[in-house]
Novice: 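For reference, the structure I am asking about is given below.
Throughout, protein chains are lettered first and strands after them, A, B, ... in sequence-line order, and every chain is numbered starting at 1. No experiment lies behind these values; they were computed from the predicted model shown. In what follows, every heavy atom counts, from backbone to side chain, and hydrogens, waters and symmetry copies are set aside.
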Amino acid sequence: MSKLRSVKGMNDVLPEDAARWHRLESTFRELVGRYGFGEVRTPLVEPTDLFVRSIGEATDIVEKEMYTFEDKGEKSLTLRPEGTASAARAWIQHSVGGKHPVSKWFYLGPMYRRERPAKGRYRQFWQAGCEIYGDPGPYVDAELIDFVVRYLRALGIQDIEVLVNSLGAGGTRDRYRDALLEYLRPHASELSEDSQRRLERNPLRVLDSKAPQDQAIAENAPDILDHLDEESREHFETLKSALDDLGTPYRVEPRLVRGLDYYTRTLFEVRGRGGDLGANAALCGGGRYDNMIAELGGPATPAIGFAIGLDRLLLVMAETEPKPTLDGFLVVQAKELRGKALAIAQTLRDAGARVDADLRGGSMKSQFRRADKSSAPFALILGEREAAEGTVQVKELATGEQRELPIDQVAAAIIRD
RNA sequence: GUGGCUGUAGCUCAGUGGUAGAGCACUGGAUUGUGGCUCCGGUGGUCGCGGGUUCAAUCCCCGUCAGUCACCCCA
């Protein structure tokens, strides 16, 4: 066991697992393409201030989970803990709003949060997300929620729950906060320790506490949906009927809050119900952030986005059918023929075939064993006789059928599809 | 960040206060140009790391690191 290890909570993906990752990514890229989203690639590192101002100073992410460091003592930088803030920064920086009234962006990449690792939660984790700038909704809100459901289904993930809520706009949040505090304060001593702390700092969080005594109190708490301003109420009603029209299943969850400060109006979360997720069932979180662009110094622009946790999808995703990664595997009779075999392999590769060989010089038996395990449907046998005649034996491993072919006919014989 | 559990071969795991085992995997052979099955053999471990108790520790104690589960929070 080497003492050199990957950093805690940051994991390798080895070739045997890469196919599942490719499926997550290619399915996402394919689907996103059908909606006209374009990819944005931002740096992994941003000025710390970007996240403090967008995500919110008093959030857990900013308070204790960011990888922050001084760049040569000149500037505070942070490894991005999420993608929305970076994308917004890029959108503002390049004045994209001036060129396009509406832009649809997606991103896919690693994010960093210094939390205690657990199943489905890592310090480097992968998110795929979409952002739409310039459309105030609510139809685009519905479209985005529906997108997530379709993406998960395309991966064979059916057992999910879509939760939606609205945080309103303008003064809704503050008005509701006051009403909630008024209700909670008399119960303060009955709340869990955590919630007592949350009470003054972020009382909305008390609502989604898992402690039984908190849930009992939250049960009768005032409902944020009763405090929505008129415009937000209409927005939410239209969103729900748009989802109904799309046939997207959802449940209204007035206690859904989420931990980022920038959300306004539409808020949603998709949870998996597979047993493999443990306590980290949130597969996707998103919502509208109509004020953030302006707060970061850009032109007042409504926006909405979501992020999907790819590591978690991997835990609940259906098994991927293993596909052969090779067409042929060369088996060489004598050591002296290895140079010749290498040349043949190159010729076949030039012709588009996927070919490998074991050129260590082992017995034919061991080479056949490797051919078997390589997933290649064909073994290509090169012996003295074939070498002299410019041919190879092409043996189909599943059936045992074998025929001799001139080298220039081999590629066509073994390439599938 | 708090609490619980775990840490023996590449993998899954047995095991004992007296210097370590199985299955699978890998590899050689039975079959000197032919795999998958079978049989026989072989490689591989500072028993996570450090300290303590002991004549002696993989086993007991403490610490530490890593993993995992729950909480916190979130993707």
Novice: For the side chain of A/Arg370 and the base of B/G35, is some donor closer than 3.5 Å to an acceptor across the two?
Specialist: no

Novice: Are A/Phe329 and A/Phe378 near enough that their ring centres are under 6.0 Å apart?
Specialist: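 That pair fails the under 6.0 Å test.
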
Novice: For the side chain of A/Arg312 and the base of B/C74, is some donor closer than 3.5 Å to an acceptor across the two?
Specialist: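 Flag set: donor-acceptor pair detected.
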
Novice: For B/G1, does OP1 or OP2 lie under 4.0 Å from any side-chain N or O of A/Lys64?
Specialist: no

Novice: Does A/Lys395 get its side chain close enough to the base of B/U34, under 3.5 Å, for a donor-acceptor pair?
Specialist: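 Pair found.
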
Novice: Quick one: on RNA chain B, does A/Ala118 or A/Gln127 contact a more 5' nucleotide (nearest heavy atom)?
Specialist: A/Ala118

Novice: Examine B/G36: is either OP1 or OP2 under 4.0 Å from a nitrogen or oxygen in the side chain of A/Arg369? Give yes or no.
Specialist: yes

Novice: Applying a 4.0 Å non-hydrogen cut-off, can you work out what A/Lys373 is touching in the nucleic acid: base, sugar-phosphate, or nothing?
Specialist: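 Result for A/Lys373 = sugar-phosphate.
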
Novice: According to a strict under-4.0 Å criterion, is A/Lys119 in side-chain N/O contact with OP1 or OP2 of B/U68?
Specialist: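 Negative; the distance criterion is not met.
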
Novice: Is A/Arg114 side chain donor-acceptor paired with the B/G1 base, going by distance under 3.5 Å alone?
Specialist: no

Novice: If you assign A/Ser366 and A/Val270 each to the RNA chain B nucleotide with the nearest heavy atom, which residue ends up on the more 5' nucleotide?
Specialist: A/Ser366

Novice: Do A/Gln393 and B/U34 share a donor-acceptor pair, side chain to base, under 3.5 Å?
Specialist: no

Novice: Is a donor-acceptor pair below 3.5 Å formed from side chain A/Gln367 to base B/G33, judging by atom type as modelled?
Specialist: no

